[in-house]
Undergrad: 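Here it is, the structure in full.
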Amino acid sequence: MKTTTRVVVIGGGVVGCSVLHHLTKLGWSDVMLLERSELTSGSTWHAAGGFHTLNGDTNMAALQGYTIRLYRELEELTGMSCGLHHVGGITLADNRDRFDMLLAERAKHRYMGLETEIVGPEEIAKMTDLINLDGIVGALYDPLDGHLDPSGTTHAYAKAARMGGAEIHLHTKVIATTQRPDGTWDVVTDKGTVHTEHVVNAGGLWAREVGAMAGVYLPLHPMEHQYLVTEETPEIYERAEEHPHVMDPAGESYLRQEGRGLCIGFYEQPCRPWAVDGTPWEFGHELLPDDFDKIEQSIEFAYRRFPVLERAGIKSVIHGPFTFAPDGNPLVGPIPGLRGYWSACGVMAGFSQGGGVGLMLAQWMIEGECERDTRALDVARFGDWISPGYTLPKVIENYQTRFSVSYPNEEKPAARPLATTPMYDIFDDMGAVWGAQYGLEVPNYFAAEGEPRYETPSFRRSNAFDATAREVRAVREAAGINEVQNFGKYRVTGENARAWLNRIMAGRIPKPGRIALNPMLSHAGRIIGDFTVACLSDTDFRLTASYGAQAYHMRWFLQNAEPGVTIENISDRSTGFQIAGPKAREILQSCTRSDISDMKFLDVRPLTVGMVDCLVQRVSYTGDLGFEIYCDPMQQRALWSVLWAAGEPHRMKPFGMRAMMSLRLDRFFGSWGREFSPDYTAAETGLDRFIQWDKDFIGKARAEAEHATPPDRTLVHFIVAVEDADVQAYEPVWIDGKVQGFCTSGGYSHHTGQSVAYALIPRACDAPDLSAEIEILGKRCPARKISTDLFDTDGSRMRG
Ligand SMILES: Cc1cc2nc3c(=O)[nH]c(=O)nc-3n(C[C@H](O)[C@H](O)[C@H](O)COP(=O)(O)OP(=O)(O)OC[C@H]3O[C@@H](n4cnc5c(N)ncnc54)[C@H](O)[C@@H]3O)c2cc1C
């Protein structure tokens with residue numbers, strides 16, 4: 001075994017082997033994989049081997065598509081068989097909501113180039129006569145779905161990696177990972193120590209233990225999972241073609257052909273976490289004891305859906321553990337704050353996702369960033385607030401809802417509330433209906449007396465509609481108030497602060513007392529943040545951005561840190577309120593002895609409000625006159641008392657996130673994670689208007705190139721004629737009878753009574769009076785491009 005290498009991958013499951021292959025594929029050959037036993041000795045060997053593209057997150061679906069298409073290439077490259085069976089798959093819907101979800105997925109697939117199809121019961125009956133179709137509304141058919149041989153596939157990845165120069169050492173257990181002062185690593189094994197620049201944790205079932213060796217907590221947990229294989233059945237061996245995969249969300253089951261019989265697995269409600277306090281090192285090639293009790297109800301349901309099962313004897317039971325993160329997506333990428341340490345863990349569908357995970361990680365390591373937005377799988381989407389006590393109930397919830405409909409407005413209840421602000425009980429008494437962002441409880445809207453205290457999950461307009469309309473009206477007619485706790489906030493100080501910000505941010509860094517909006521770009525010119533930068537003095541700046549991106553942004557800041565500048569995440573050390581609406585100035589003025597009549601749009605200044613020393617920014621995401629008032633969390637209630645009392649004569653109302661996201665539509669403001677994401681560039685989304693061209697900043701080369709030659713697509717806005725469902729994201733845009741673009745976000749503008757969509761379309765199609773159709777839940781809705789704001793067209797309300 002070499003004692004020095006560029007990368008050590010720990011773990012020879014499907015994920016570790018895929019990472020190793022992709023590292024060599026992208027050009028790094030001095031790489032090594034260490035496996036404590038044989039390859040596949042964790043979850044991998046007992047997987048059912050099924051794969052599919054369906055995933056509620058569009059980037060995850062694309063990554064799954066990549067994984068599945070890779071297998072043929074892998075077979076050709078290595079001459080080894082992955083045991084591929086591309087039999088196609090159907091996902092059943094037995095009610096309107098499930099069918100809506102499939103319609104929404106199908107719509108997204110159109111521009112992703114996935115050839116899925118919506119099929120009715122008659123077409124399903126032509127594919128298989130094993131399904132009892134009573135109550136089935138329809139299904140999504142995906143020709144790419146299928147299954148493979150887990151062991152053969154893992155070995156094919158390993159062979160491809162070896163062909164690319166990688167070394168693989170079996171029966172070599174990593175027992176410690178120690179970082180040297182220069183940031184490189186000593187990986188200590190039972191066969192000696194390897195010095196390396198990069199460590200990749202692909203420890204699968206042992207990822208927690210491997211992480212702990214470097215002091216890293218990875219929020220994942222193993223769950224027990226069981227599938228049954230039947231004896232041969234005539235219904236199968238008499239078929240001319242192999243039986244398609246079937247996912248039955250109502251029965252929480254997946255079914256496929258196995259040899260001349262069937263294989264069926266369950267995501268049962270009475271599920272069980274495994275090895276809560278740590279995975280035993282001696283575990284490996286054994287299975288867990290059969291447990292029919294916990295799947296009894298699932299089996300009963302399956303007998304009704306697939307009557308053939310009742311006649312088929314059970315040949316074998318496979319019961320084993322595999323890991324999940326709290327939201328079911330993998331944990332991939334650089335661990336924030338730890339140089340050279342990478343996660344490739346929590347991959348619960350290794351055969352649908354393993355290839356894509358390997359590609360993303362290899363790109364990240366070698367090229368510095370990935371070709372697409374990886375936020376859905378980025379290990380940094382969970383901050384340091386996450387604990388094992390939170391992870392466990394969330395993982396159980398995720399397992400139980402694995403096959404449930406995921407609604408765009410859904411707020412899952414497990415492990416809540418975790419973080420609350422001093423306003424929690426006050427807002428709760430006022431009827432707050434809560435959502436969770438990055439572990440924090442945030443009011444989505446306020447229910448009136450007698451209205452339910454929960455939002456109905458739906459693809460269509462929910463029961464939050466009336467409450468949201470009331471809150472929007474309050475803001476536009478007088479004033480609304482909500483918390484600013486759920487903003488990410490950073491303090492940047494030091495003699496080099498301005499110079500550093502000038503390099504990190506693409507926009508103008510304001511002078512003292514002023515604020516500027518700033519895109520933050522990656523080296524390849526992708527949008528990795530949209531910030532508000534406020535200058536208190538030349539050595540003291542405040543930044544605000546998305547609350548959920550704290551670990552993501554801090555990781556970038558620290559990776560690009562420089563002497564003479566200190567960057568602090570003060571998100572939870574600074575809170576307060578925003579007040580917005582035509583009466584906002586009057587309300588704030590009545591709470592302070594300072595004269596604020598001269599406070600212009602984009603001014604920032606310290607103010608004493610009531611008894612509380614605050615930092616006040618005149619900015620607005622509602623498109624209205626607005627102030628953000630920041631204070632110490634210990635004094636938030638005192639600030640609330642004075643602002644609320646001052647607002648009462650003006651009938652100020654609290655408003656939540658639903659109203660905020662509706663209000664922004666009136667001025668076509670973009671939003672982080674929607675139009676502003678690493679999938680897009682500043683020129684595509686219009687953020688280039690904030691760029692300061694006469695300075696050097698990260699991402700300038702690409703931004704300049706696109707400034708000179710505009711990119712092929714551009715962000716436009718539409719008014720859409722809809723019935724009861726608005727655009728969420730990724731709906732296809734039909735222009736001249738073809739899908740030519742897709743929506744980044746949208747919603748209902750309560751103020752103007754119109755449904756709004758933001759979409760990326762080819763620049764060549766753009767025209768002032770462009771007409772298009774936007775496909776929402778299977779229906780092509782007429783859409784008309786709009787270029788003038790829907791509210792405050794001259795800016796007098798917001799800037800006046
Ligand atoms: C019953 C069942 C059915 C499943 N069916 C499917 C399916 O149909 N489709 C699908 O896509 N997925 C399925 N899965 C999930 C799939 O098995 C996992 O997604 C996948 O195996 C994860 O692979 P991995 O490489 O991350 O982890 P693992 O397979 O757990 O591999 C981790 C490896 O790391 C090694 N290792 C750990 N610690 C060390 C150390 N200190 N030193 C050296 N080596 C170490 C281990 O020995 C092991 O080989 C199923 C899982 C189960 C349990």
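None of these values were measured; they are calculated from a predicted model. Remember, it's 1-based here, ligands and their atoms both numbered in the order they're listed.
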Undergrad: Where do R6 and M32 land on the side-chain contact (heavy atoms from CB on, under 4.5 Å) test, with the steps shown first?
TA: CA-CA 8 Å; R6 192 166 200 177; M32 177 189 284; over 6 Å; no
Undergrad: Using the test side-chain contact (heavy atoms from CB on, under 4.5 Å), find all partners of H155 that sit at least two apart in sequence or belong to another chain.
TA: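 For H155, the residues satisfying side-chain contact (heavy atoms from CB on, under 4.5 Å) (neighbours in sequence not counted) are L39, T40, M80, S151.
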Undergrad: Can you list everything that forms a salt bridge (Lys or Arg N to Asp or Glu O under 4.0 Å) with D378? Sequence neighbours excluded, please.
TA: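 In terms of salt bridge (Lys or Arg N to Asp or Glu O under 4.0 Å), with neighbours along the sequence ignored, D378 is linked to R555.
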Undergrad: How would you list, by chain and number, the residues with a heavy atom under 4.0 angstrom from ligand 1?
TA: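 Those residues closer than 4.0 Å to ligand 1 by some heavy atom are I10, G11, G12, G13, V14, V15, L34, E35, R36, S41, G42, S43, T44, H46, A47, A48, G49, G50, T172, K173, V174, A202, G203, G204, L205, W206, V210, H225, Y227, W281, G320, P321, F322, V347, M348, A349, G350, F351, S352.
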Undergrad: Is any side-chain heavy atom of F283 closer than 4.5 Å to a side-chain heavy atom of P321?
TA: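 Result yes, sub-4.5 Å side-chain heavy-atom pair found.
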Undergrad: A cation-pi test, strictly: NZ or CZ of R36 under 6.0 Å from the centre of the six-membered ring of W206 and no more than 45 degrees from its axis. Yes or no?
TA: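 Verdict for W206: a cation-pi partner in R36.
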Undergrad: Apply salt bridge (Lys or Arg N to Asp or Glu O under 4.0 Å) to E209 and list each qualifying residue two or more places apart in sequence or on a separate chain.
TA: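 Applying salt bridge (Lys or Arg N to Asp or Glu O under 4.0 Å) to E209 gives none.
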